[in-house]
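Proteins come first, then strands; the chains are lettered A, B, ... in the order of their sequence lines, and each starts at number 1. Excluded from the calculations below are hydrogen atoms, water molecules and symmetry mates; all remaining heavy atoms, backbone and side chain alike, are included.
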Amino acid sequence: MGKTFAKPEALSDQHTHYCPGCTHGVIHRLVAEVIDELGIRGRTVGVAPVGCAVLMYNYFTFDFMESAHGRAPAQATGIKRVRPDLIVFTYQGDGDLASIGMSEIVHAANRGEKITTIFVNNAVYGMTGGQMAPTTMPNQRTTTSPFGRNVEEVGMPIKVSELLASLQTDAYIARQTVIYPKHINRAKKAIKKAFQYQLDGRCFSFVEIVSTCPTNWGLTPVEAVKWAEEKMLPYYPLGEIKTPDKS
Amino acid sequence: MGKVLMKGNEAIGEAAIRAGCLNYFAYPITPQSEVAEYLSRRLPEVGGLFLQGESEVAVSYMILGAAAAGERVFTTSSSPGISLMSEGISYIAGMQLPAVFVNIMRGGPGLGGILPSQADYLQATKGIGHGDFRLLVMAPASVQEAAEMTMKAFPLAEKYRNPVMILGDGLIGQMMEPVEFHDNLKTKPVDKNGWATNGMDTRGSSQRNLIRSLYLDPEVLNRHNLELKAKYDRMQQEEIRFEAVNIDSDYKVLIVSYGTMSRVCRTAVDQLKAEGLEVGMIRPQTVFPFPEEAVGNAAAGKSCRAVASIEMSMGQMLEDVQRSVKGRQPVHWFGKCGGEVPTPEEVIEFVRSLAR
Amino acid sequence: MEIELEGIVVVVGNYGSGKTEVAINLAVERKKAGFDVRVADLDLVNPYFRTREARSLLAGLDIDLVLPPEDMLHADLPLLSPLVAGMIRKPSQVTIIDVGGNDAGATVLSALAEAFGGKQYHMLQVINPLRPNTDTIAGCLNIRGQIEAAARMSINGLIGNANLIDETTPADIYRGVEFVQRLSKESALALRFVTVADELLPEIDMERMACPVLTIYRQLVPPWKKARVPQHQFNGGK
Amino acid sequence: MQSEVMFAGFGGQGILLSAKILAHAAMEDGLEVAWVPSYGPEMRGGTAYCTVVISDRLIGSPIIRNPMHLVAMNRPSLEKFAPLVKPNGVILVNSTLISIESGRDDVDELRVPVNDIAVRLGNVRSANIVALAAFVARAGVVKMETLRHCVKEEFATKEKLIPLNMAAVEEGEKAAAK
């Protein structure tokens with residue numbers, strides 16, 4: 001037990017700024033544990049998003065850079081192409097990746113960039129105050145869909161993992177969640193696999209994590225977990241969506 | 001290696017390689033696509049990297065990423081594409097990263113046209129993106145100069161940890177002239193381990209590097225901006241370049257002109273001299289920093305009666321010329337900005353009207 | 001008439017109704033009235049003009065202000081400090097929670113439902129009848145409904161805050177009082193107090209005020225103005 | 001001494017290429033040179049033109065309104081540009097495709113059926129080289145020897161085209177002499 005709870009070397013001592021019930025902290029920890037276990041801290045470069053995780057570089061102990069809203073995959077491409085020996089990952093939310101940065105993620109995936117993307121999907125813009133995201137659920141109320149997401153007007157939520165999996169280029173694409181303890185191990189396995197594919201120079205790797213945002217959803221942390229389970233998971237099923245081994 | 005006949009666009013691509021920059025990301029746009037076409041063949045020959053991005057927006061961040069990783073990197077584009085890159089350029093300036101951007105200008109606004117223009121002068125020199133920052137901007141007037149400035153751009157970008165722009169126009173890109181690549185312009189990249197996110201192992205360090213432009217504390221952000229300003233002030237001290245033409249004569253009119261337009265003006269100066277009318281010219285080779293003192297001093301010449309900013313834009317450089325002349329002379333503007341380059345005859349007629 | 005308020009006071013209202021100015025001045029008044037006072041800045045939606053602007057004033061009066069960490073004060077992030085839940089669970093004599101505007105700002109209360117569980121609280125809607133959307137009774141009730149739905153809590157009192165900032169006249173104040181009294185009657189929500197800016201106070205005939213008055217010493221001023229200094233003889237505006 | 005040569009014709013007639021070979025030859029002869037294309041839509045089908053500025057001193061404006069010489073490969077370009085040529089210049093007219101004359105009596109008008117000659121040589125695409133050689137032979141802006149060398153160099157990577165193009169140079173030179 002003691003070992004499990006020791007702080008990963010890749011994680012800094014700083015307390016996170018995240019709200020109670022937010023899953024970013026857990027996902028950060030999983031990423032840090034994987035980096036420790038793979039022994040790649042000294043050659044990893046993280047690319048932070050614009051979104052609630054904009055300050056995530058404060059919580060890690062390896063090279064990090066900030067990106068503009070949505071552009072992290074292009075930036076990671078720049079790093080990886082000139083320094084293929086580095087391990088490069090982006091960490092992005094749904095507004096960042098699935099809206100303003102849709103072009104960058106699709107093309108990075110389609111080029112088969114040997115980078116890893118952790119995609120945190122909580123169905124809402126967190127940072128800017130709970131506005132509608134491309135992944136917001138049908139009828140979900142947000143500050144810019146006060147009457148609920150009207151799919152007649154703004155379409156259905158985008159299943160980014162499935163969309164990327166439809167590209168013909170090899171990739172590792174998985175969707176997991178961390179809302180219950182039972183999910184955490186599976187999420188970590190997926191993250192580790194994603195980094196391993198990059199280490200092996202295999203393919204683009206992408207892990208979507210279905211997450212919660214109690215503050216902007218207006219739910220208690222416990223209710224938020226339930227909401228994610230009941231509303232999001234049926235629409236965003238968990239599991240490996242694409243592996244390079246199968247193609 | 002002696003002289004070779006090259007298009008400006010090709011020469012810029014070759015010059016970057018000669019300068020030791022082997023990383024190029026780009027998106028095609030007329031009239032500079034030849035750079036990408038040239039480098040897509042040439043870079044693999046020298047073990048370099050060529051990647052066509054999905055948009056100019058993405059390209060600007062590929063540049064950012066590569067620069068942050070500590071490698072020399074550059075891109076080329078033309079006016080509408082540069083506008084799209086301006087977001088990334090702002091971040092690159094804020095993060096204090098060295099990178100080189102080439103703008104082979106075409107007519108605007110909007111889609112405008114593909115013919116040569118100098119319509120992005122204000123964009124390049126006064127603030128290409130959001131926030132308080134400047135680029136070091138060099139404006140070549142020949143293919144040879146385009147090549148030399150490209151080679152010089154990399155060490156300058158590294159000296160200041162700031163983006164450097166080559167501001168050419170469609171004609172500079174499309175024209176062929178003999179060009180010679182001078183090996184003595186080749187420079188080694190500086191040590192970037194102090195700040196590059198190139199992996200701790202690369203540096204043999206346990207200290208991580210962080211690259212960002214986000215400063216939440218207003219006092220810290222103010223300090224950051226003062227630090228940037230100090231760099232731009234230092235550029236004003238150390239990097240101003242210009243050419244003075246016929247400035248020893250008793251010129252009645254002073255022309256200020258740069259790039260392709262200055263070539264036309266030079267012919268006008270020669271012809272007017274043959275007719276007995278002396279005209280001087282200051283040709284800024286850096287437009288930021290602008291040769292303010294040189295223009296001001298030349299305008300104060302004892303025989304000088306008028307100053308003209310002659311440009312392929314609607315009086316953009318005019319503002320810098322007026323600032324430099326400080327009211328000592330009337331400052332006039334002449335130019336065209338639809339893609340048609342004013343002819344020497346048109347310039348001559350205009351200058352004659354000022355001398356009368 | 002004295003202001004009477006103890007326990008948890010949640011200040012809500014539409015954008016620009018003056019919640020934060022009310023919350024700060026109420027904190028100062030309650031402190032001077034002898035209570036232990038804590039204030040939480042729970043405005044996650046608007047990055048400008050928040051309670052945090054008055055943090056030195058409150059600190060000088062020994063009023064505890066719960067804010068996001070110092071280095072995050074200017075972050076454009078919805079930072080819900082875990083301390084807020086703590087101060088609701090263990091409230092001091094007066095615990096003032098300054099919530100963000102509209103239903104969007106009130107949503108965060110819903111995330112705190114567990115902390116509020118079973119507790120008594122005053123949830124007071126700030127009304128400035130000189131703002132759009134709250135210039136009619138129906139408008140005020142509409143906003144009330146939206147805030148209550150988002151917060152999953154019930155508003156149980158009103159604060160009248162009629163003002164046009166520097167251009168407020170005594171007539172505006174009198175009309176404002178009438179308006180919130182009418183609203184109070186129609187909604188059955190108690191009118192806890194109305195506000196008057198300290199500069200305007202000498203011109204106000206207190207006989208015409210049929211409810212307690214909170215003097216507002218403006219704190220949330222643009223950079224070219226100085227915040228007003230609360231006076232020592234401050235005593236609830238009587 | 002500066003001379004400017006305007007090459008004009010349909011897109012696809014090899015206008016830019018013959019201009020480039022001339023520019024290259026001028027450089028080899030130790031002269032200053034600028035090759036200035038008109039680029040844009042007219043490159044694809046319509047009238048294409050390209051100017052080569054050759055000088056023994058630094059070239060000022062590469063933008064030329066009145067060229068010294070003109071090589072006109074089709075009728076629209078002759079109509080459009082012939083009036084602009086400076087007095088005493090050379091106007092080469094591709095007489096295979098152009099039935100009209102330049103209408104100038106103050107220039108040296110050289111009429112050569114360059115397409116016919118090229119067809120006779122086995123490939124109409126060498127017409128631009130025939131025209132270039134005829135023009136250089138008449139105007140003397142660069143040495144014939146240098147021109148031959150530069151044509152050879154231009155086709156160095158497509159070696160089987162060298163004999164055809166060298167023959168084009170010979171025939172062009174001959175045509176100018178007549």
Side-chain angles (χ1 to χ4, degrees), chain A residues 9-12 17 35 39-50 54-88 90 100-113 115 127, chain B residues 21-25 27 48-73 75 85-92 94-95 97 99 129-130 193 195-216:
Chain A
E9 202 186 352
L11 221 49
S12 77
H17 63 274
I35 286 170
I40 54 175
R41 196 170 71 93
R43 57 174 173 133
T44 297
V45 180
V47 183
V50 170
V54 66
L55 296 166
M56 69 180 294
Y57 46 69
N58 288 333
Y59 311 130
F60 293 89
T61 59
F62 47 82
D63 280 7
F64 235 102
M65 50 190 309
E66 136 202 320
S67 187
H69 206 199
R71 315 292 179 231
Q75 208 162 305
T77 297
I79 306 168
K80 188 72 180 183
R81 287 284 179 138
V82 301
R83 286 291 306 272
D85 56 317
L86 296 177
I87 302 300
V88 185
T90 73
I100 194 169
M102 184 56 107
S103 168
E104 281 79 3
I105 191 64
V106 168
H107 286 278
N110 194 54
R111 286 191 302 265
E113 295 296 343
I115 60 170
M127 177 191 202
Chain B
C21 173
L22 297 183
N23 302 300
Y24 175 76
F25 300 85
Y27 187 84
L49 167 75
F50 168 86
L51 185 66
Q52 179 170 325
E54 64 269 30
S55 69
E56 285 94 345
V57 176
V59 163
S60 66
Y61 288 93
M62 293 173 182
I63 298 292
L64 192 160
E71 300 296 315
R72 275 191 174 169
V73 64
T75 189
M85 289 182 182
S86 66
E87 182 196 82
I89 294 174
S90 170
Y91 279 78
I92 291 170
M95 292 169 169
L97 300 175
H130 59 283
N193 283 338
W195 53 264
T197 48
N198 53 0
M200 293 185 292
D201 288 353
T202 304
R203 311 187 286 276
S205 164
S206 59
Q207 280 302 103
R208 69 91 170 253
N209 282 339
L210 173 63
I211 288 178
R212 59 168 176 164
S213 60
L214 177 64
Y215 298 94
L216 292 176

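Formation of a donor-acceptor pair under 3.5 Å by the Asp63(A) side chain with backbone atoms of Gly199(B) is found in this model.
Interface check for chain B: of the options Gly78(A), Ala76(A), Ala108(A), the most heavy-atom pairs under 4.5 Å are formed by Gly78(A). Heavy-atom pairs under 4.5 Å with chain B were tallied for Lys80(A), Glu66(A), Arg43(A); the largest tally goes to Glu66(A).
To the nearest 0.5 Å, atom OG1 of residue Thr197(B) and atom CD of residue Gln75(A) are 8.5 Å apart. Taken to the nearest 0.5 Å, the OG1 atom of Thr77(A) stands 14.0 Å off from the OH atom of Tyr61(B).
Of all non-hydrogen atoms in Ala68(A) and Tyr91(B), the two that sit nearest each other are CB-CZ, 3.2 Å. Shortest non-hydrogen contact noted between Ala58(B) and Ala74(A) is O-CB, 3.4 Å. Listed here is the closest heavy atom pair of Ile79(A) and Gly65(B): CG1-O, 3.3 Å. Heavy atoms only, all atoms of each residue included: Phe62(A) and Arg208(B) are closest at O-NH1, 2.9 Å. Minimum heavy-atom separation, Met62(B) to Arg111(A): CE-NH2, 3.3 Å.
In this structure, a donor-acceptor pair under 3.5 Å is present between the side chains of Thr202(B) and Arg83(A).
For chain A, the nearby part of Asn23(B) is the side chain; its heavy atoms alone come within less than 4.5 Å. Heavy-atom distances place the side chain of Leu55(A), and not its backbone, under 4.5 Å from chain B. For Leu210(B), the parts lying near chain A are the backbone and the side chain together; criterion is any non-hydrogen pair under 4.5 Å. Heavy-atom distances place the side chain of Leu216(B), and not its backbone, under 4.5 Å from chain A. For a residue to count as touching a neighbouring chain, one of its non-hydrogen atoms must lie under 4.5 Å from one of that chain's; by this rule Ala196(B) touches chain A with the backbone only. Looking at Ser213(B), the atoms closer than 4.5 Å to chain A (heavy atoms on both sides) sit in the backbone and in the side chain alike.
Other residues, nucleotides and ligands contribute more than 12 heavy atoms inside 6.0 Å of the CD atom of Gln52(B). Heavy atoms of other residues, nucleotides or ligands lying less than 6.0 angstrom from CZ of Phe64(A) number more than 12.
In this structure Val54(A) satisfies the side chain to side chain contact (heavy atoms under 4.5 Å, CB included) test together with Met127(A), Leu214(B), Leu77(C), sequence neighbours excluded. Residues forming a side chain to side chain contact (heavy atoms under 4.5 Å, CB included) with Thr61(A) (at least two apart in sequence, or on another chain): Ala10(A), Ser12(A), Arg41(A).
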query: Can you check side-chain contact (heavy atoms from CB on, under 4.5 Å) on Met65(A) and Arg212(B), steps first, answer last?
result: CA-CA 6 Å; Met65(A) 50 190 309; Arg212(B) 59 168 176 164; over 6 Å; no

field: Criterion side-chain contact (heavy atoms from CB on, under 4.5 Å) on Thr44(A) and Met200(B), from CA distance to verdict
entry: CA-CA 8 Å; Thr44(A) 297; Met200(B) 293 185 292; over 6 Å; no

task: Report the C-alpha distance between Leu51(B) and Glu113(A) in whole Å, list the side-chain angles of each, state the deciding distance to 0.1 Å, and finish with yes or no for side-chain contact (heavy atoms from CB on, under 4.5 Å).
output: CA-CA 12 Å; Leu51(B) 185 66; Glu113(A) 295 296 343; 4.0 Å; yes

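For the pair Arg71(A)/Val57(B), a side-chain contact is recorded, criterion being any heavy-atom separation below 4.5 Å from C-beta on.
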